[in-house]
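Have a look at the structure below before the remarks.
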Amino acid sequence: MTDQTADVVIVGGAVMGSSVACHLAMSPDFNGRVVVAEADPSYGVCASARSAASIRQQFSCAVNIDISLYGIRFLREIGVRLAVNGDRPEIDLHEGGYLFLATPDKLDILTANHRLQQELGADIRFLDATCLKTRFPWLETSDLAAGCHGLSGEGWFDGYGLMQAFRKKARSLDVDYVSAGATVSGDGSGGWLVHLSTGETVSTPVVVNCAGASGGTRLCRQAGLDVPIVSKKRCVFTFDCKAPLERFPLLVDPSGTYVRPEGSGYICGSAPAADADPECTDFDVDHGLFEEHIWPTLAARVPAFETIRPGAAWAGSYDMNLFDHNAFVGAVPGLDGFFLALGFSGHALQQAPAVGRGLAELITTGSYRTLDLSPLAIDRLKDNRPIVEINVV
């Protein structure tokens with residue numbers, strides 16, 4: 001028995017699901033009921049709450065650069081865009097820039113990426129080793145060929161605050177949030193039945209799958225679709241350093257290890273080696289990764305980090321797209337009314353503004369209006385046409 005109806009049901013209410021809901025509710029082209037089903041209303045373990053929360057334009061794929069160029073404009077204006085009854089959200093955006101470093105063997109990749117980023121309007125400066133040392137005197141540059149630094153439009157922010165700002169705005173516009181898990185099935189007449197763990201069923205013509213790796217892939221299978229998306233654990237570590245290091249950006253070592261300021265200290269992380277990076281759903285911190293790899297790598301790159309005081313650490317999850325490390329976004333051919341926003345591979349927070357708006361446009365008008373997200377369509381999986389993102393951190 002169908003207990004209720006909705007025009008759109010979004011499964012997954014963290015930053016991506018709430019962005020889609022918010023943009024639908026704000027759209028002048030939409031005048032329907034939106035229901036968001038979220039299995040964990042505390043958001044305690046969602047990726048949005050456990051991310052290092054940053055935004056950059058230093059990608060290797062044009063669509064990702066465009067998405068983040070839109071995203072930074074949105075974040076700068078969030079107080080106006082997502083205000084509720086005069087209450088303006090704050091996310092503490094700090095445009096300290098990314099600094100990607102390259103050894104001689106990776107110089108061609110850095111140069112090609114920089115050329116594309118500049119062509120698309122990103123404010124990125126190319127620095128040879130001498131310029132790197134001049135601008136960042138605390139940096140060890142003897143093995144480096146060059147680096148690229150985001151002068152504006154890149155940095156870090158309160159990711160949990162962004163998620164809550166989308167959620168609060170959506171709720172103020174009468175989006176219904178339901179604290180429940182969800183499964184889906186066809187209704188026999190071209191629509192969908194969303195079965196909630198509360199025992200209720202919602203009939204809807206449109207389902208948007210924003211449920212992340214485990215929940216999202218399960219929902220896809222229920223609809224008749226297999227996607228190569230798995231959950232990968234990523235650990236974030238904090239530490240303090242007594243030495244003052246001026247103009248410290250979000251630094252990405254050639255090894256992929258990263259570090260950035262956080263308050264009076266720093267946070268850092270790194271993907272484990274491929275053979276030590278299984279599909280994982282627990283949140284146990286791998287302290288050995290910090291002690292054996294991250295700290296030695298950072299101390300070699302920034303000598304002041306040889307003497308630090310380690311602090312708290314936590315683990316979160318990436319919904320990793322094993323096909324090409326880019327998200328699947330948009331409608332699914334052959335599954336009318338079934339939309340995806342999955343597999344962001346660690347980029348969901350910074351991509352949520354553009355993807356939320358894009359999906360709202362696609363659902364209400366049948367096409368993308370603000371930004372063309374069609375390169376992220378799932379058609380590329382069937383056609384074996386990956387758009388490989390090189391700069392995955």
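Predicted model only: the values in this text are computed from it and were never measured.
Annotation: cation-pi geometry satisfied between Arg167 and Tyr177 (NZ/CZ under 6.0 angstrom from ring centroid, within 45° of ring axis).
Around the CG atom of Asp383, the shell of radius 6.0 Å holds more than 12 heavy atoms that belong to other residues, nucleotides or ligands.
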side-chain hydrogen bond (donor to acceptor under 3.5 Å, both in side chains) assessment of Arg50 paired with Tyr160: CA-CA 8 Å; Arg50 293 173 173 252; Tyr160 188 80; over 6 Å; no
Stepwise salt bridge (Lys or Arg N to Asp or Glu O under 4.0 Å) check, Lys168 with Asp87: CA-CA 10 Å; Lys168 184 176 180 180; Asp87 183 14; 2.7 Å; yes
Intermediate values then yes/no, side-chain hydrogen bond (donor to acceptor under 3.5 Å, both in side chains), Tyr266 and Glu262: CA-CA 5 Å; Tyr266 297 85; Glu262 175 71 7; over 6 Å; no
Pair Thr364-Leu24, side-chain contact (heavy atoms from CB on, under 4.5 Å): steps then yes or no: CA-CA 8 Å; Thr364 56; Leu24 276 170; 3.7 Å; yes
Stepwise side-chain hydrogen bond (donor to acceptor under 3.5 Å, both in side chains) test for Glu154 and Ser152: CA-CA 6 Å; Glu154 296 189 323; Ser152 65; over 6 Å; no
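For the pair Ser231/Asp319, no side-chain contact is recorded, criterion being any heavy-atom separation below 4.5 Å from C-beta on. At a threshold of 4.5 Å between non-hydrogen side-chain atoms, the residues Val8 and Ile363 count as touching. Side-chain atoms of Val34 and Asp176, non-hydrogen and from C-beta on, never get closer than 4.5 Å to each other. Side-chain contact between Arg301 and Pro254: present, with at least one pair of heavy atoms (C-beta onward) separated by less than 4.5 Å. Considering only heavy atoms from C-beta on, Asn209 comes within 4.5 Å of Leu342 through its side chain.
Atom-to-atom distance recorded for Cys148:SG and Gln58:CD is 5.5 Å, nearest 0.5 angstrom. From Leu196, atom CG reaches atom OG1 of Thr183 across 8.0 Å, with rounding to the nearest 0.5 Å. From Ser374, atom OG reaches atom CZ of Arg380 across 11.0 Å, with rounding to the nearest 0.5 Å. Atom-to-atom distance recorded for Cys268:SG and Leu289:CG is 9.0 Å, nearest 0.5 angstrom. Going from atom OG of Ser345 over to atom OH of Tyr318 covers 9.0 Å, rounded to the nearest 0.5 Å. One distance of note links CG of Leu376 with CG of Leu340; it measures 11.5 Å at 0.5 Å rounding.
Side-chain atoms of Asn321 come within 3.5 Å of backbone N or O of Asn326 as a donor-acceptor pair. For the pair Arg33 (side chain) and Thr5 (backbone), a donor-acceptor distance under 3.5 Å is present. Looking only at distances, a side-chain donor or acceptor of Asp128 sits under 3.5 Å from a matching main-chain atom of Cys131. With hydrogens and angles ignored, the 3.5 Å screen pairs no side-chain donor or acceptor of Asp108 with any backbone N or O of Thr111. Under a 3.5 Å cut-off, the side chain of Glu38 and the backbone N or O of Gly13 do form a donor-acceptor pair. A donor-acceptor pair under 3.5 Å is formed between the side chain of Asp3 and the backbone N or O of Thr201. Ser197 places no side-chain N or O within donor-acceptor distance of the main-chain N or O of Ala180, the cut-off being under 3.5 Å. Listed for the Glu361 side chain is a donor-acceptor partner under 3.5 Å among the backbone atoms of Thr370. In terms of modelled atom types and a separation under 3.5 Å, the side chain of Ser19 and the main chain of Met16 share no donor-acceptor contact. Between the side chain of Ser68 and the main chain of Arg56, a donor-acceptor pair closer than 3.5 Å is present.
Contact check on Asp29 versus Arg369 returns no salt bridge, with no Lys/Arg side-chain nitrogen under 4.0 Å from an Asp/Glu carboxylate oxygen. Salt-bridge check for Arg88 with Glu90: failed, with every basic side-chain N at 4.0 Å or more from each acidic carboxylate O. For Glu119 and Arg115, the salt-bridge test fails: no basic side-chain N is under 4.0 Å from an acidic carboxylate O. A salt bridge is absent between Lys233 and Asp286; no separation between the charged side-chain nitrogens and carboxylate oxygens falls under 4.0 Å. A salt bridge links Asp277 with Arg234: the closest approach of a Lys/Arg side-chain nitrogen to an acidic carboxylate oxygen falls below 4.0 angstrom. Note on Arg221 versus Asp226: no salt bridge recorded, every NZ/NE/NH1/NH2 to OD/OE distance being 4.0 Å or above.
Checked against the 6.0 Å centroid criterion, the rings of Tyr98 and Tyr258 do not qualify as a close aromatic pair. Taking the six-membered ring where the residue is Trp, the centroids of Phe248 and Phe136 are separated by 6.0 Å or more. Remark: aromatic rings of His114 and Phe100 are distant, center separation not under 6.0 Å. In this structure, Phe74 has its ring center no closer than 6.0 Å to that of Phe157. In this structure, Trp314 has its ring center no closer than 6.0 Å to that of Phe283.
Minimum heavy-atom separation, Leu132 to Ala146: CD1-C, 3.6 Å. Heavy atoms only, all atoms of each residue included: Leu127 and Arg125 are closest at CD2-CD, 3.3 Å. Across every non-hydrogen atom of Pro249 and Leu99, the tightest pair is CG-CB, 3.6 Å. The nearest pair of heavy atoms linking Thr217 to Ala213 is OG1-O, 2.6 Å. Val207 and Val194 get closest at one heavy-atom pair: CG2-CG2, 3.8 Å. Considering all non-hydrogen atoms of both residues, Gly153 and Glu95 come closest at N-OE1, 2.7 Å.
Transitive grouping of hydrophobic side chains (ILVMFWY, heavy atoms separated by less than 4.5 Å) keeps Leu110 and Leu120 in distinct clusters. Taken together through direct or relayed side-chain contacts under 4.5 Å among Ile, Leu, Val, Met, Phe, Trp and Tyr, Leu349 and Phe328 form parts of separate hydrophobic clusters. In the hydrophobic clustering of ILVMFWY residues, with side-chain heavy atoms under 4.5 Å counting as a link, Leu162 and Ile267 come out apart.
Applying the salt bridge (charged side-chain N to carboxylate O under 4.0 Å, His left out) test to pairs two or more places apart or on separate chains, those with a residue in residues 305-314 are Asp240-Arg309.
Taking the six-membered ring where tryptophan is involved, the planes of Phe290 and Trp295 are essentially parallel, since the angle between them stays under 30° and well short of 60°. Taking the six-membered ring where the residue is Trp, His347 and Phe59 present perpendicular rings, their angle passing 60° and hence far from 30°.
Checked options Gln351, Gln350, Gln57, His325; the residue passing with Asn64 is Gln351 (criterion: side chain to side chain donor-acceptor pair (under 3.5 Å)).
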